[in-house]
Amino acid sequence: MTERIYAGSVEVPMKPVARSVIALALATSWTPFNSWAQQSETELLKQARVTKHQAKKIALARVKRGAIKCVKLEKENGLLIWSVDIAQPPKKDLTDVWVDATTGKIIAVEVETPITEKKEVAEQKARKWLSHHSVH
């Protein structure tokens with residue numbers, strides 16, 4: 001079944017990803033943004049006791065024979081974390097290791113499939129767009 005949005009007399013088909021992005025956009029436009037969205041990376045770096053280099057070493061010690069694809073400092077569920085994405089070729093999945101940026105402890109390890117990775121990227125783009133286009 002294809003969901004459709006009706007704009008006057010024009011029928012516009014929607015793909016599942018578009019529905020997710022629109023739902024996220026609508027949900028976040030009516031609620032206050034989390035404080036993490038408004039903090040710059042510089043402000044977050046001031047709060048971190050664990051460096052990016054240390055977080056990489058900690059994550060690679062957990063995921064053997066991997067190559068780091070991406071490292072981001074962010075707030076998740078109120079915690080300041082380094083999110084380290086590690087690829088292990090020939091596997092297509094990524095392992096996302098969350099390293100607590102204040103203690104250096106691993107607080108989560110999640111395997112992300114290419115599908116979940118695409119969804120996460122779409123959500124990040126929607127959040128970024130909303131943060132630049134919201135009325136303050």
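Treat the numbers as computed from the prediction; the structure is a model and nothing was measured. Counting begins at 1 with the first residue of the sequence.
Here CD1 of Ile115 is found 13.0 Å from NZ of Lys92. Values are rounded to the nearest 0.5 Å. Taking NZ from Lys69 and CG from Leu94, the interatomic distance works out to 5.0 Å, rounded to the nearest 0.5 Å. For the atom pair CG (Leu45) and OG1 (Thr51), the distance works out to 10.0 Å, reported to the nearest 0.5 Å. Put simply, NZ on Lys56 and CD1 on Ile86 are 11.0 Å apart, with the number rounded to the nearest 0.5 Å. Here the CD atom belonging to Glu74 is positioned 11.5 Å from the CG atom belonging to Leu79, to the nearest 0.5 angstrom.
Val109 and Ile68 fall within the same hydrophobic cluster, defined by Ile, Leu, Val, Met, Phe, Trp and Tyr side-chain heavy atoms under 4.5 Å apart, directly or through other members. Cluster membership check: Ile106 does not share its hydrophobic cluster with Ile81, using side-chain heavy-atom separations under 4.5 Å among Ile, Leu, Val, Met, Phe, Trp and Tyr. In terms of hydrophobic clustering, with Ile, Leu, Val, Met, Phe, Trp and Tyr side chains grouped at heavy-atom distances under 4.5 Å, Val97 and Leu44 are assigned to a common cluster.
For the residue pair Leu60 and Gly66, the shortest heavy atom distance occurs at CD2-O, 3.6 Å. The two residues Val99 and Ala55 make their nearest non-hydrogen contact at CG2-O, 4.0 Å. Nearest heavy-atom pair across Thr113 and Asp93 is CA-OD1, 3.5 Å.
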Carefully, step by step, assess Ser83 and Asp96 under the rule side chain to side chain donor-acceptor pair (under 3.5 Å).
CA-CA 6 Å; Ser83 175; Asp96 188 9; 2.7 Å; yes
Take Thr103 and Val50, measure what side-chain contact (heavy atoms from CB on, under 4.5 Å) needs, and give me the verdict at the end.
CA-CA 7 Å; Thr103 66; Val50 175; over 6 Å; no
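Using a distance-only test at 3.5 Å, with no hydrogens or angles considered, no donor-acceptor pair links the side chain of Gln47 to the main chain of Ala101. Using modelled atom types, no side-chain atom of Trp82 and backbone atom of Gln54 make a donor-acceptor pair closer than 3.5 Å.
The shortest distance between side-chain heavy atoms of Asp85 and Thr95 does not fall below 4.5 Å.
The neighbour count for Lys72 NZ, taken as heavy atoms of other residues, nucleotides or ligands under 6.0 Å away, is above 12.
Asp100 and Trp98 share no side-chain donor-acceptor pair at under 3.5 Å.
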